[in-house]
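Down below is the structure, laid out as structure tokens.
Side chains are part of it too, since the values below use all heavy atoms of this structure and drop only hydrogens, waters and symmetry mates.
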Amino acid sequence: MSRYDRMARRGTRLLNRYYARRSRRQPGATEFVSQPEPRTIGSFARGRQLVAGNLLFAGYLVESPTTALWDVAAPDVAFDAERHGFAWLDDLAAVGDFKAREKAQLWVWGWIDAYGTGKGPGWSPDLTGRRVIRWINHALFLLSGRTSVQSQAFFQALSRQTWFLSKRWQGASPGLPRFEALTGLIYAGLALKGHEDQVDPALKALAEECASQIDEQGGLPTRNPEELLEVFTLLTWASAALVDAGRGVPAAQAQAIERIAPTLRTLRHSDGGLARFHGGGRGLEGRLDHALAASHVTSRHADGLAMGYARLSARRTSVIIDASVPPKGRASWNGHASTLAFELTSGRRPLIVNCGSGETFGVEWRRAGRASPSHSTLCIEGHSSARLSSPERGSGHEIMVEAPDTVPLEVSDLEDGYRFQGGHNGYERLFGLTHARTLELAVDGRGLAGEDMLLAIDTRNKRRFDKAMDAQSLGGVGFDIRLHLHPDVDAALDLGGAAVSMALKSGEIWVFRHDGTCELKLEPSVYLEKTRLKPRAAKQIVLSGRAMNYATRIRWTLSKAQETAVAVRDLNRDDPALID
């Protein structure tokens with residue numbers, strides 16, 4: 001982070017603090033003009049844990065059955081941000097009983113007492129927007145049984161936060177944080193008496209954000225599928241609130257929704273979860289299907305890329321491939337070196353995955369999760385296809401540098417299936433080699449044939465390859481093709497090391513085979529989930545060899561060997577991924 005960036009960030013914090021304190025002077029609303037229907041989806045299981053005093057925020061678990069939420073010492077700034085964002089209110093509302101409401105009321109009015117006058121870390125535009133949406137969505141749940149004095153304090157706090165958003169939404173970073181701030185302002189402006197005049201400026205700003213952040217493919221600069229889902233959800237919530245208030249949806253906002261919906265369908269696996277790339281997870285259970293249904297957009301993406309991803313699908317099998325360069329600049333703060341990595345899901349069961357984001361498990365896990373070896377792709381001599389910058393002390397951000405700058409590709413239909421062909425030049429500088437990958441999915445979805453090639457294409461890169469060979473005493477340039485398996489996959493290396501058998505919980509058996517030119521191993525791996533306390537143990541298929549010539553080719557296959565009665569029952573269930 002540059003000195004200018006540090007100064008800008010400090011200036012943003014000071015402005016937030018200034019306007020947060022000034023908000024206490026603003027007159028409070030006394031009632032709702034209109035109240036949007038609750039649309040946020042919570043987790044009943046997480047709600048029950050919260051009621052029991054188990055606080056799981058940002059990967060940290062604090063057991064606090066008696067201590068108030070705001071008296072708990074935050075183990076990390078991410079923990080603090082998550083509790084101040086109030087998304088946990090969705091989980092308590094999902095439980096909805098007396099104990100859950102009592103806990104929600106205790107924590108909401110506890111926040112009002114401790115921070116409602118503009119104090120504390122929760123006064124940033126994105127967290128304030130997230131918080132305001134939840135308070136309005138669950139107002140009936142929260143205000144039930146409250147006294148007039150408590151209700152007045154609730155509306156006063158909402159008014160102060162709304163005024164703060166009207167002054168500071170520009171201070172939120174472009175992308176998801178700014179969408180959260182503006183959606184919160186629109187929600188509050190439509191709902192609270194006396195704040196109606198703040199809706200039109202917020203709608204204009206939201207339209208500008210849609211035009212600048214949502215590209216023609218319906219994607220974000222970060223290329224994070226889960227973040228795209230969050231933005232999409234916010235836009236559909238804002239649209240629904242406008243319709244409920246008898247207002248029209250601005251054209252730019254409606255067009256952004258129409259661009260994003262087909263892209264999310266492309267990024268959705270056959271089990272209904274999102275592909276996990278560039279810091280994103282699978283998405284909250286049910287959030288994707290609910291958002292797509294609420295958008296009323298039924299179109300699917302035309303042939304080609306969607307936010308830089310390619311998709312092959314047949315029957316119950318989906319393959320999603322990162323087929324573009326990594327995000328650039330600030331958008332790459334959570335970017336991964338995952339070019340040409342893929343994920344494969346069979347029906348309801350993920351088979352081939354990427355390790356995922358290690359953000360909630362500390363700096364080292366976060367960095368490891370971003371590297372090429374944590375993805376289902378080829379890497380050379382343990383290097384990543386994109387290098388991370390070295391952050392200055394305390395900045396916490398590393399952008400992607402020396403990343404692939406070109407990814408030629410072609411997606412085509414075959415007589416008996418579908419083919420993806422792509423390549424990238426991320427290893428040219430160090431080794432003079434281009435990685436090319438071909439994936440062919442059978443028309444019945446029961447087999448995936450892969451071919452990976454390492455090529456020194458021109459004279460300059462042949463010299464680079466020769467130099468790398470000299471450094472290895474002509475012993476060849478080592479490479480590994482890694483296919484990370486989901487933790488629920490039971491894998492075993494067959495006798496002789498010629499194949500790997502993989503049993504899914506559905507009863508399906510998949511088999512990995514190769515052309516015999518490399519050494520096949522089954523090694524430990526991890527599966528990183530933001531909602532878990534620790535990384536989950538998993539396995540990975542590793543195909544290792546050495547490039548001795550200007551052209552090296554490795555062929556392998558994944559094929560379904562068996563489908564038991566359990567798998568047939570899995571097929572016949574209602575599939576949430578097919579709702580729309």
Side-chain angles (χ1 to χ4, degrees), residues 312 317 319 321 340-344 346 351-354 372-373 375-383 385 414 416-424 427 431-442 444-457 465 468-469 472-486 489-504 508-525 538-562:
L312 304 177
T317 303
V319 178
I321 309 138
L340 296 190
F342 76 95
E343 293 188 325
L344 184 151
S346 177
L351 175 59
I352 307 299
V353 298
N354 297 306
S372 292
H375 298 81
S376 293
T377 187
L378 178 146
C379 57
I380 299 178
E381 296 287 2
H383 288 265
S385 57
L414 307 175
D416 56 352
Y418 311 93
R419 174 189 289 161
F420 165 85
Q421 293 175 297
H424 75 78
Y427 294 114
F431 304 102
L433 293 171
T434 292
H435 174 210
R437 167 165 275 184
T438 299
L439 299 173
E440 294 183 359
L441 181 65
D444 60 3
R446 298 178 65 89
L448 181 73
E451 178 183 272
D452 287 289
M453 296 186 68
L454 291 172
L455 305 166
I457 294 175
F465 178 76
M469 284 284 286
Q472 297 293 333
S473 301
L474 302 181
V477 175
F479 63 84
D480 298 299
I481 298 171
R482 300 177 183 273
L483 301 182
H484 294 272
L485 305 178
H486 190 272
V489 176
D490 186 8
L493 188 63
D494 290 356
L495 292 177
V500 174
S501 296
M502 294 156 284
L504 279 61
E508 293 179 359
I509 305 294
W510 286 74
V511 179
F512 175 87
R513 296 183 178 89
H514 64 105
D515 59 9
T517 60
C518 298
E519 178 187 5
L520 178 61
K521 295 172 288 185
L522 195 58
E523 296 184 350
S525 180
K539 294 181 179 179
Q540 59 176 313
I541 297 170
V542 183
L543 204 55
S544 302
R546 304 196 74 81
M548 304 293 294
N549 304 300
Y550 295 143
T552 301
R553 174 180 295 171
I554 312 98
R555 290 173 173 164
W556 50 267
T557 60
L558 277 166
S559 57
K560 191 184 298 187
Q562 180 180 341

> Sub-3.5 Å donor-acceptor pair from the side chain of T438 to the main-chain atoms of E451, do we have one?
Replying inline: no

> For the residue pair F342 and W556, does the interplanar ring angle fall in the parallel (under 30°), tilted (30 to 60°) or perpendicular (over 60°) class?
Replying inline: parallel

>> Using a 3.5 Å distance criterion without hydrogens, assess whether the side chain of D480 forms a donor-acceptor pair with backbone atoms of R482.
In response: no

> Nearest 0.5 Å, what's the CD1-CG distance between I352 and L448?
Replying inline: 8.5 Å

> Quick one: does T317's side chain have a donor or acceptor within less than 3.5 Å of a partner on G445's backbone?
Replying inline: yes

> How many angstroms lie between atom CG of D515 and atom CG of L543, to the nearest 0.5 angstrom?
Replying inline: 7.5 Å

>> Do L340 and F420 make a side-chain contact, defined as non-hydrogen atoms from C-beta onward lying under 4.5 Å apart?
In response: yes

> If you take all heavy atoms of V511 and A499, which pair is closest and at what distance?
Replying inline: CG1-CB, 4.0 Å

>> Between R419 (side chain only) and L414 (backbone N and O only), is there a donor and an acceptor less than 3.5 Å apart?
In response: no

>> Ring-plane angle category for H424 and Y427, please: parallel below 30°, perpendicular beyond 60°, tilted otherwise.
In response: tilted

> Between F465 and N549, which heavy-atom pair has the shortest distance, and what is it?
Replying inline: CZ-O, 3.4 Å

> Taking S376 for the side chain and H484 for the main chain, is one N or O donor matched with an acceptor at less than 3.5 Å?
Replying inline: yes

>> Return the CG to CG distance between L522 and L493, rounded to the nearest 0.5 Å.
In response: 6.0 Å

> Any idea which heavy atoms bring S544 and C518 closest together, and the distance?
Replying inline: O-CB, 3.1 Å

> Any donor-acceptor pair under 3.5 Å linking the side chain of E381 with the backbone of G478?
Replying inline: yes

> Does any non-hydrogen side-chain atom of L558 lie less than 4.5 Å from one of M502?
Replying inline: yes

>> Let me confirm one number: the NZ-NZ distance from K521 to K539, rounded to the nearest 0.5 Å.
In response: 15.5 Å

> Are the side chains of T377 and R437 in touch, meaning some heavy atoms are under 4.5 Å apart?
Replying inline: yes

> Would F479 and L433 count as a side-chain contact (heavy atoms from CB on, under 4.5 Å) if you check the C-alpha gap in whole Å, the side-chain angles of each, and the deciding distance to 0.1 Å?
Replying inline: CA-CA 11 Å; F479 63 84; L433 293 171; over 6 Å; no

> Does the separation of the ring centres of F431 and H383 fall below 6.0 angstrom?
Replying inline: yes

> Closest approach of G476 and M469, non-hydrogen atoms and distance?
Replying inline: CA-SD, 3.4 Å

> Which pair of non-hydrogen atoms, one from S559 and one from R513, has the smallest distance, and what is that distance?
Replying inline: OG-NH1, 3.7 Å

> Step by step, would you call Y418 with V319 a side-chain contact (heavy atoms from CB on, under 4.5 Å)?
Replying inline: CA-CA 11 Å; Y418 311 93; V319 178; over 6 Å; no

> Counting distance only, does the side-chain N/O of E343 pair as donor-acceptor with the main-chain N or O of N354 below 3.5 Å?
Replying inline: yes

>> To the closest 0.5 Å, what do you measure between NE2 (H435) and CE (M453)?
In response: 10.0 Å

> When you measure from the side chain of Q540 to the backbone N and O of P524, does any donor-acceptor pair fall under 3.5 Å?
Replying inline: yes

> Between atom NE2 of H486 and atom CG of L351, what is the distance when rounded to the nearest 0.5 Å?
Replying inline: 10.0 Å

>> Applying side-chain contact (heavy atoms from CB on, under 4.5 Å) to V353 and L485, what does each step give before you reach the verdict?
In response: CA-CA 6 Å; V353 298; L485 305 178; 6.0 Å; no

>> Which heavy atom of S501 sits nearest to which heavy atom of D494, and what is that distance?
In response: OG-OD1, 3.2 Å

> Below 4.5 Å, heavy atoms only, C-beta onward: do L378 and L454 meet side chain to side chain?
Replying inline: yes

